[in-house]
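Residue indices begin at 1 and follow the sequence shown. All of these numbers come straight from a predicted model, not from anything done at the bench.
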Amino acid sequence: MYALHGQKCLDLVVAMLLLFWADCSPSPQDELAPLEVQFHSLDFRNVLHWKHPHKAVKNLTYFVQHKIYGDKEWINSEHCQGIRAPECDLSQATSDPREWYYARVRSSFSEGFSSWVLSQRFYPQWETTFSPPQIKVTVTGRIISVQIKPPKTPLRGQKGSRIRVTKLQKLKFRIYVMHNDVEEEVYETDSCSKELAAKAYGVPAPASALIEGLVSPTG
């Protein structure tokens, strides 16, 4: 059995420590990778966001790819190749609200590319949030007519106009009737118009004080 003594033993310990340090030090591919890659969605505007790496590097750019869950091939995301901003609008690429999607991002620097950083699986129908609807109120005698305009998506229909969120997901609207700043009645409807009887309130107050609208998905 061979034993090490004195200087040889010390040299071996130092060499092992240096090797351990070298193995544990992060590579440029890891140090310069984007951080916190995740989708944010409002009215089916599905935007991938990430943060710059902690290490500051000049001329850092990003490349984005996406795919449908289950597909083998990644697709280069249009308009998001060699970009500087830490975001990419993938609304068109993720336009089916009932599909599962992934996206990934890597950075480019003078020495090459970072590792890919993967987003969590994204399902637009469950994860989008909705802006408040526009509401038009008309009071005729004792009848309050409420016209509701749901928010629009960034997607366009056959005629080129932006489609409303209700084309992609059925919604239920909740209408609150207020009198003297006190909630009197609550109505729910899945249509974009509703007539309410105002008999209990005497002379109607200004419409803006009577109606509030909330929107929530029905499924």
Do [X] and [Y] sit in the same hydrophobic cluster, where Ile, Leu, Val, Met, Phe, Trp and Tyr count as joined when their side-chain heavy atoms come under 4.5 Å apart?
| X | Y | value |
| --- | --- | --- |
| I68 | W116 | no |
| I135 | F173 | yes |
| Y69 | W74 | yes |
| V47 | F39 | no |
| V117 | Y101 | yes |

Write down the atom of [X], the atom of [Y], and the distance for their closest heavy-atom approach.
| X | Y | answer |
| --- | --- | --- |
| A33 | P53 | O-CB, 3.5 Å |
| Y62 | H52 | OH-ND1, 2.6 Å |
| Q92 | P154 | NE2-O, 3.8 Å |
| D190 | K170 | OD2-CE, 3.5 Å |
| I163 | R156 | CG2-C, 4.1 Å |
| F130 | T128 | CZ-CG2, 3.7 Å |

Validation row: [X], [Y] side chains within 4.5 angstrom (heavy atoms):
| X | Y | value |
| --- | --- | --- |
| H66 | I75 | yes |
| T94 | S41 | no |
| Q65 | R106 | no |
| S77 | L90 | yes |
| Y123 | E99 | no |
| W50 | C88 | yes |
| R174 | V186 | yes |
| S114 | P34 | yes |

Is it true that a side-chain atom of T61 and a backbone atom of S107 form a donor plus acceptor pair closer than 3.5 Å? no
If we ignore hydrogens and angles and just use 3.5 Å, is the side chain of S119 paired with the main-chain N or O of A103 as donor and acceptor? yes
Could you tell me whether K152 and D43 make a salt bridge, using a distance below 4.0 angstrom between a side-chain N and a carboxylate O? no
Side chain to side chain contact (heavy atoms under 4.5 Å, CB included) partners of K51, counting only residues at least two apart: L35, E36
Compute whether any side-chain donor of one residue and acceptor of the other, for S145 and T138, lie under 3.5 angstrom apart. no
With rounding to the nearest 0.5 angstrom, report the [atom1] to [atom2] distance, [X] to [Y].
| X | Y | atom1 | atom2 | value |
| --- | --- | --- | --- | --- |
| Q147 | S191 | CD | OG | 9.0 Å |
| L155 | D96 | CG | CG | 10.5 Å |
| D89 | L48 | CG | CG | 10.0 Å |
| S115 | R104 | OG | CZ | 11.0 Å |
| Y102 | F122 | OH | CZ | 13.0 Å |
| R164 | F44 | CZ | CZ | 14.5 Å |

F113 and F63: ring pair (Phe, Tyr, Trp, His ring centres under 6.0 Å), yes or no, with the steps? CA-CA 9 Å; F113 293 95; F63 292 78; 5.6 Å; yes
